[in-house]
A.B. asks: 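Let me give you the structure first, and then I'll get to my questions.
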Amino acid sequence: MGRLVAWCAALFLLAGALPAAAHAEDGYDLWLRYQPLPADVQARDRSHAAALVFDADLHDPSVLKAAEEIERALKGMVGAEVPNYSQNVQPGSIVLGTADEPRIRALGLPLAGLGTEGYLIRSTMIDGKAVTLVAANSGTGVLYGSFALIQHLQRGLGLEALDISSTPKLRLRLLNHWDNLDRTVERGYAGQSIWDWWKLPDFKNPRYTDYARANASIGINGTVLNNVNAKADSLTAPYIAKAAALADIFRPYGIKVYLSARWSSPIEIGHLKSADPLDPQVAAWWKAKADEIYAAIPDFGGFLVKANSEGQPGPQDYHRTHAEGANMLAAAVRPHGGIIMWRAFVYAQENPEDRAKQAYDDFKPLDGKFADNVIVQVKNGAIDFQPREPFHPLFGAMPKTPLMAEFQITKEYLGMATHLVYLGPLYEEVLQADTFAHGKGSTVAKVIDGSLDHHALTGMAGIANIGTDRDWSGSTFNQANWFVFGRMAWNPEASATQVAGEWSELTFGPNPAVTPTVVRMMTTSREAVVNYMTPLGLAHIMATSHHYGPGPWVHELARPEWNPVYYHKADSTGIGYDRTRTGSNAVAQYAAIVARQFADVKTTPERDLLWFHHVGWDYRMTSGKTLWEDLVAHYDLGVGQVADMHRDWQTLAPYIDKDRFAKTDVFLTIQQREAQWWRDACLAYFSSVSGRALPAGETPPAKTLPEYEAISFPYEPGR
């Protein structure tokens, strides 16, 4: 028998603005605030006897969670109490059900094409009564649809004439937690890890459930619990039990648990002498370990692996390829339906090639050699989560291999917790980049959604920005990056601007006095940080190790590619990394039409100019300025854009609760100060190496170059 839930409650269909000032908030509720909708707008009251019951064959856990969430939302938004559940449909009911329920099947709705996670929300008739229906082919789909309906109401859009359907374009929509077993978080700027390993599996913090709710509300369906720089202990029995406790909490919310696997685990905890993937003993060890994990977590998703990168062990230690390593693990999890996500972020000190080329050089020859339950996880750019990078050349270059995109949600290289940087435009820029792999229109989005090369295994991963801070992400606006990642993992064609508007309405209320200003701030913030940190294609000029603040002068570290001078190559003649035929020839890794564009200084987009070319200081830019003058102008522009964001925010004081307003105001003050620091320090350095004075009328740096070079942060977070 199918499952149908009918919900009748007092609903106010409201439109309009929030009151001038909401009550104080601390950000814990994220975009799931469910605050009272404004009482001063016209409301159409549909009140009914509340009733909601399940079929006798009973209780899909995800549908139960959907019902609980709607109950929570209605109580918060309109004060409606829902004392019980029923199958008795009444006028105005909200009906939750799956496609096999007879009354839903009788409607002849287009559910077949929704897959296992899609949903339909429709105003329709059941048993002769007008209802709002949320239907899907699974309980998880019903849950996603219920969150979509709630958010529709939160935004003040009402329940009339609804006809909404949505299906995720990507199968894997994952958060990667770089969380360590001691609760430190690599590149984490929002407190400790939320996983309290010491108290698990016994104590299950309610925060875990709220984490699952937040992820389900934006369609995230998987979480990798531990750092890619993994400890073998994560795969021991005590930690498997801890992961299983989390999996039990997440399961009703449609979220699978994954683990990062340390390649040398067979040696470290298995007491073998080797981790050679072609050694039968090693393969048997991994098969037994997979069996052990699946016995505890039947829906375990699989392993994420970082191998032979930044000193991590891997199959190349035994003269084996990445494909041979991945396929050995794939065989271990295959009987259970598991997958292997193998990271393409590889570079080695022993490799003298341009760091931007190394992933392509390692992986391109392996195209078509990976097992069908392996997906290669590729960073959005070839270096490392910079404020701007050209799209990774592997996208479009491995047509026989499923690729998933890896983005950063946490803000390493981007001002950490305190700078307002909305990453939606960065995601969108990469996803809409055209690889020309099969001619025009071969976007990165079409590579990762499988449509370009007909792959069924698809996905997108985001490095989480979540910690124990009360607001989860270190600031209110950092929450938006978690939100937009989920939206774009569901639909890589989503508009960053549109998502910013949705997030603003859910986070601050659907107030026309607020939303346009917040959206303007958000959509200009990423370009601002590029301008005051790494304009015109510069990259990786941050201070080393912690990547906080400017450090273009750093040159003395042991590994060349750890030094910012490696990336900008500024000297008395010019600045930029020559990646054309006269340099590293990294342009050749792109499709021919893209390679030709990037190889010519005249056709390279100026936003990427110094990524691909070493350009003379007197080169004439499209602005009419010399390169030196234009570089200075971009740094000035970035500082000015932050000042504009701060002024915009201050106009919203009457409309934002005082706590969230004050915290953001302080953070924007910090960002303004640090944008100026970036501008002054970088221009002091580049002026010194170029031998050029600042253009006439430019304000000189506040300190000398040696003073900027002496600034140190030995206890910064996230190292």
Side-chain angles (χ1 to χ4, degrees), residues 172-201 204-205 207-208 211-212 215 220-251 255-270 275 286 289-290 292-294 296-297 299-307 309-314 326 329 332-333 338-343 345 377 404 406 408-410 412 459 461-468 472 482 718-719:
L172 306 173
R173 307 179 299 279
L174 307 185
L175 292 184
N176 288 183
H177 285 264
W178 286 2
D179 294 27
N180 299 313
L181 301 185
D182 63 1
R183 299 193 75 185
T184 58
V185 182
E186 185 173 341
R187 308 313 180 192
Y189 312 109
Q192 290 184 297
S193 167
I194 63 171
W195 318 131
D196 192 342
W197 296 110
W198 188 256
K199 296 173 185 172
L200 283 164
K204 301 173 181 65
N205 193 318
R207 192 176 180 99
Y208 303 152
Y211 166 88
N215 280 325
I220 289 173
N221 67 357
T223 184
V224 184
L225 298 175
N226 59 319
N227 195 350
V228 289
N229 295 320
K231 297 291 186 184
D233 306 75
S234 299
L235 302 183
T236 60
Y239 282 94
I240 292 170
K242 297 170 192 290
L246 293 173
D248 290 344
I249 295 169
F250 299 160
R251 189 170 294 111
I255 298 168
K256 287 186 177 182
V257 159
Y258 300 75
L259 290 171
S260 292
R262 182 167 173 82
W263 183 259
S264 53
S265 294
I267 299 171
E268 295 181 43
I269 60 174
W286 280 107
K289 181 56 63 176
E292 179 187 358
I293 294 172
Y294 278 98
I297 311 171
D299 57 350
F300 178 67
F303 294 122
L304 172 66
V305 183
K306 175 180 178 179
S309 180
E310 299 184 315
Q312 290 294 310
L329 290 178
V333 300
I339 62 144
I340 301 299
M341 297 168 288
W342 194 272
R343 295 181 83 231
F345 179 65
Q377 184 166 307
M404 65 188 295
E406 177 179 311
Q408 202 169 53
I409 305 171
T410 190
E412 180 192 5
I463 312 308
N465 66 336
I466 296 162
T468 53
W472 297 85
W482 181 4
R719 189 192 288 257

A.B. asks: side-chain hydrogen bond (donor to acceptor under 3.5 Å, both in side chains) with Trp178: which residues, sequence neighbours excluded?
C.D. replies: none

A.B. asks: Run the side-chain hydrogen bond (donor to acceptor under 3.5 Å, both in side chains) test against Trp482 and tell me which residues pass, sequence neighbours left out.
C.D. replies: Asn215

A.B. asks: Not counting sequence neighbours, which residues clear side-chain contact (heavy atoms from CB on, under 4.5 Å) with Ala461? List them please.
C.D. replies: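 Only Asn176, Gln377, Met404 meet the side-chain contact (heavy atoms from CB on, under 4.5 Å) criterion with Ala461.
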
A.B. asks: Heavy atoms only: give me the nearest Ala230-Arg262 pair and the separation to one decimal.
C.D. replies: O-CD, 3.1 Å

A.B. asks: Give the minimum heavy-atom separation between Ala307 and Trp342, together with the two atoms involved.
C.D. replies: CB-CZ2, 3.6 Å

A.B. asks: So, taking the atom named CD1 in Ile249 and the one named CD1 in Ile255, what distance separates them when rounded to the nearest 0.5 Å?
C.D. replies: 10.5 Å

A.B. asks: Please check: side-chain N/O of Thr468 versus main-chain N/O of Gln192, any donor-acceptor pairing under 3.5 Å?
C.D. replies: yes

A.B. asks: Please report the shortest heavy-atom distance between Lys256 and Gly301, naming the atom on each side.
C.D. replies: CD-CA, 4.2 Å

A.B. asks: What's the spacing between Thr236 OG1 and Ile269 CD1 if we round to 0.5 Å?
C.D. replies: 6.0 Å

A.B. asks: Is there a donor-acceptor contact under 3.5 Å from the side chain of Trp263 to the main chain of Gln312?
C.D. replies: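 Checking the backbone N and O of Gln312 against the side chain of Trp263, no donor-acceptor pair under 3.5 Å is found.
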
A.B. asks: In chain order, what residues pass the salt bridge (charged side-chain N to carboxylate O under 4.0 Å, His left out) check against Lys306, with sequence neighbours excluded?
C.D. replies: Glu310

A.B. asks: Can you see which heavy atom on Ala245 is nearest to which on Lys204, and at what distance?
C.D. replies: CB-CE, 4.0 Å

A.B. asks: Look up atom CG in Asp182 and atom OG1 in Thr184, then write down how far apart they are to the nearest 0.5 Å.
C.D. replies: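 Rounded to the nearest 0.5 Å, the CG-OG1 separation comes to 3.5 Å.
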
A.B. asks: Which pairs count as salt bridge (charged side-chain N to carboxylate O under 4.0 Å, His left out) when at least one residue sits in residues 222-239, sequence neighbours excluded?
C.D. replies: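 Salt bridge (charged side-chain N to carboxylate O under 4.0 Å, His left out) check on residues 222-239 returns no pairs.
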
A.B. asks: Using the salt bridge (charged side-chain N to carboxylate O under 4.0 Å, His left out) criterion, which residues pair with Arg207? Sequence neighbours excluded.
C.D. replies: none

A.B. asks: Quick one: pull up CG in Asn205 and CD1 in Ile194 and give me the separation to the nearest 0.5 Å.
C.D. replies: 8.5 Å

A.B. asks: Name all residues meeting the side-chain contact (heavy atoms from CB on, under 4.5 Å) criterion together with Leu246; count only those two or more places apart in sequence or in a different chain, and write none if there are none.
C.D. replies: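 Counting only residues at least two positions away or on another chain, Leu246 forms a side-chain contact (heavy atoms from CB on, under 4.5 Å) with Trp195, Trp197, Leu200, Tyr208, Leu225, Phe250.
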
A.B. asks: Evaluate Leu235 against Ile293 for side chain to side chain contact (heavy atoms under 4.5 Å, CB included), listing each step before the verdict.
C.D. replies: CA-CA 8 Å; Leu235 302 183; Ile293 294 172; 4.3 Å; yes

A.B. asks: Restricting to side-chain hydrogen bond (donor to acceptor under 3.5 Å, both in side chains), what partner residues turn up for Ser265, sequence neighbours left out?
C.D. replies: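 Once residues adjacent in sequence are excluded, Ser265 has no partner under the side-chain hydrogen bond (donor to acceptor under 3.5 Å, both in side chains) criterion.
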
A.B. asks: Please identify which of these residues, Tyr294, Trp286, Tyr258, meets the ring pair (Phe, Tyr, Trp, His ring centres under 6.0 Å) condition with Phe303.
C.D. replies: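 Result: among Tyr294, Trp286, Tyr258, Trp286 is the only option passing the ring pair (Phe, Tyr, Trp, His ring centres under 6.0 Å) with Phe303.
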
A.B. asks: Identify, with sequence neighbours excluded, every residue that meets side-chain hydrogen bond (donor to acceptor under 3.5 Å, both in side chains) alongside Ser234.
C.D. replies: Asn226

A.B. asks: Taking only residues two or more places apart in sequence, or in another chain, which ones meet Ala237 in a side-chain contact (heavy atoms from CB on, under 4.5 Å)?
C.D. replies: Glu292

A.B. asks: Are Asn221 and Leu174 side-chain neighbours, meaning at least one heavy-atom pair lies under 4.5 Å?
C.D. replies: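 Sidechains of Leu174 and Asn221: in contact.
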
A.B. asks: Quick one: pull up CD1 in Ile409 and CG in Asn465 and give me the separation to the nearest 0.5 Å.
C.D. replies: 6.0 Å

A.B. asks: Taking only residues two or more places apart in sequence, or in another chain, which ones meet Lys199 in a salt bridge (charged side-chain N to carboxylate O under 4.0 Å, His left out)?
C.D. replies: Asp196

A.B. asks: Restricting to salt bridge (charged side-chain N to carboxylate O under 4.0 Å, His left out), what partner residues turn up for Glu412, sequence neighbours left out?
C.D. replies: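 For Glu412, the residues satisfying salt bridge (charged side-chain N to carboxylate O under 4.0 Å, His left out) (neighbours in sequence not counted) are Arg187.
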
A.B. asks: Please report the interatomic distance OG1(Thr223) to CG(Leu175), rounded to the nearest 0.5 Å.
C.D. replies: 5.5 Å

A.B. asks: Determine whether Ile339 and Leu172 satisfy the following criterion, side chain to side chain contact (heavy atoms under 4.5 Å, CB included), listing intermediate values before the conclusion.
C.D. replies: CA-CA 10 Å; Ile339 62 144; Leu172 306 173; 3.3 Å; yes

